[in-house]
Amino acid sequence: GRRRGKPHVPQGEDREGEALRQCVVFEGPFTVEDAEAVLALDGAVVEALHELRKRWLLVAVPREQSMLLRTTHTVRGFVLDDVMGDAKGAFVEVRARHARYFGVRAKRHLSEKGPLGGRDELADLLAAAMTFHEEHDVESALTILACIEPQDPTVPVSYTHLRAHETVLD
């Protein structure tokens, strides 16, 4: 049964539950296109996101030119507890897809100097850089970090330290 005070988070092998367990890989707001690139749901991403929105497990974040989605902090915390426990292996794969996706975006940004999405994307870029760092892929981690303004006061010291001491990581 359900415990009191805990939001109902879909369980089992249902599409919405799996979508929610994968959506928590996003540290900040994300687009439907981001989700389609990162989530592995057999082509049913848009439908699953719609169901999660109807159940208030994802919320909309309005922006000038688009609508972003995000998990609420409470739901994200409960789901992360689950994926870091029972479903950790599957979540490692989602984190790897997330890192590759943001790695490609960072490379494209460096070659084209196109927009990366601003503040909404910062947390996901940092998470992707740390995933690459944990996988000992320093080049990919540094490519992502090169897209982040080094003087940005929101970048934690550990990330700027990673960038400044790249040879230590080899």
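- Hydrophobic clustering (side-chain heavy atoms under 4.5 Å, transitive across Ile, Leu, Val, Met, Phe, Trp, Tyr) keeps Leu126 apart from Leu68.
- Residue Phe132 comes nearest to Ala141 through the heavy atom pair CB-N, 3.7 Å, listed as atom of the first residue, atom of the second, then distance.
- Side-chain contact between Phe91 and Val24 is present, with heavy atoms from C-beta onward closer than 4.5 Å.
- Among all heavy-atom pairs drawn from Ala127 and His98, the shortest one is CB-CE1, 4.2 Å.
- Looking at every heavy atom in both residues, Glu135 comes nearest to Ala96 through OE2-CB, 4.1 Å.
- Residues Ile144 and Ala99 share a closest heavy-atom pair of CD1-O, 4.4 Å.
- Contact annotation: the side chain of Leu49 approaches that of Cys23 to within less than 4.5 Å [non-hydrogen atoms, C-beta and beyond].
- Rounding to the nearest 0.5 Å places CZ of Phe78 at 13.0 Å from OG1 of Thr71.
- Between Arg76 and Glu27, at least one side-chain nitrogen of the basic residue sits less than 4.0 Å from a carboxylate oxygen of the acidic one, meeting the salt-bridge criterion.
- The distance from the CD atom of Glu33 to the OG1 atom of Thr31 is 4.5 Å, given to the nearest 0.5 Å.
- The backbone N or O of Gly28 sits nowhere less than 3.5 Å from a side-chain atom of Arg70 that would complete a donor-acceptor pair.
- Side chain of Gln22 to backbone of Ala40: a donor-acceptor contact under 3.5 angstrom is found.
- A salt bridge between Asp34 and Arg105 is present, with a side-chain N of the basic residue lying under 4.0 Å from a carboxylate O of the acidic one.
- Two residues are said to be in side-chain contact when any heavy atoms from C-beta on lie closer than 4.5 Å; Met67 and Val61 fail this criterion.
- A heavy-atom distance below 4.5 Å is found between the side chains of Glu134 and Arg95.
- Expressed to the nearest 0.5 Å, how far NE2 of His133 lies from CG of Leu145 amounts to 10.0 Å.
- When every heavy atom of Ala19 is checked against every heavy atom of Ala48, the shortest pair comes out as CB-CB, 3.6 Å.
- Looking at Ser111, its side chain does come within 3.5 Å of a backbone N or O of Arg108 through a donor-acceptor pair.
- Applying the ring pair (Phe, Tyr, Trp, His ring centres under 6.0 Å) rule to Phe30 yields the partners Phe26; only residues at least two apart in sequence or on another chain are considered.
- Taking CG from Leu39 and CZ from Arg21, the interatomic distance works out to 12.0 Å, rounded to the nearest 0.5 Å.
- Once rounded to the nearest 0.5 Å, the distance linking CG of Leu69 with NE2 of His50 reads 11.5 Å.
- For Leu52 against Leu20, the heavy-atom pair with the smallest separation is CD1-N, 3.8 Å.
- We find the CG-CZ distance between Asp137 and Arg100 to be 11.0 Å, quoted to the nearest 0.5 Å.
- Hydrophobic clustering, with ILVMFWY side chains joined whenever heavy atoms are under 4.5 angstrom apart, groups Val46 together with Val38.
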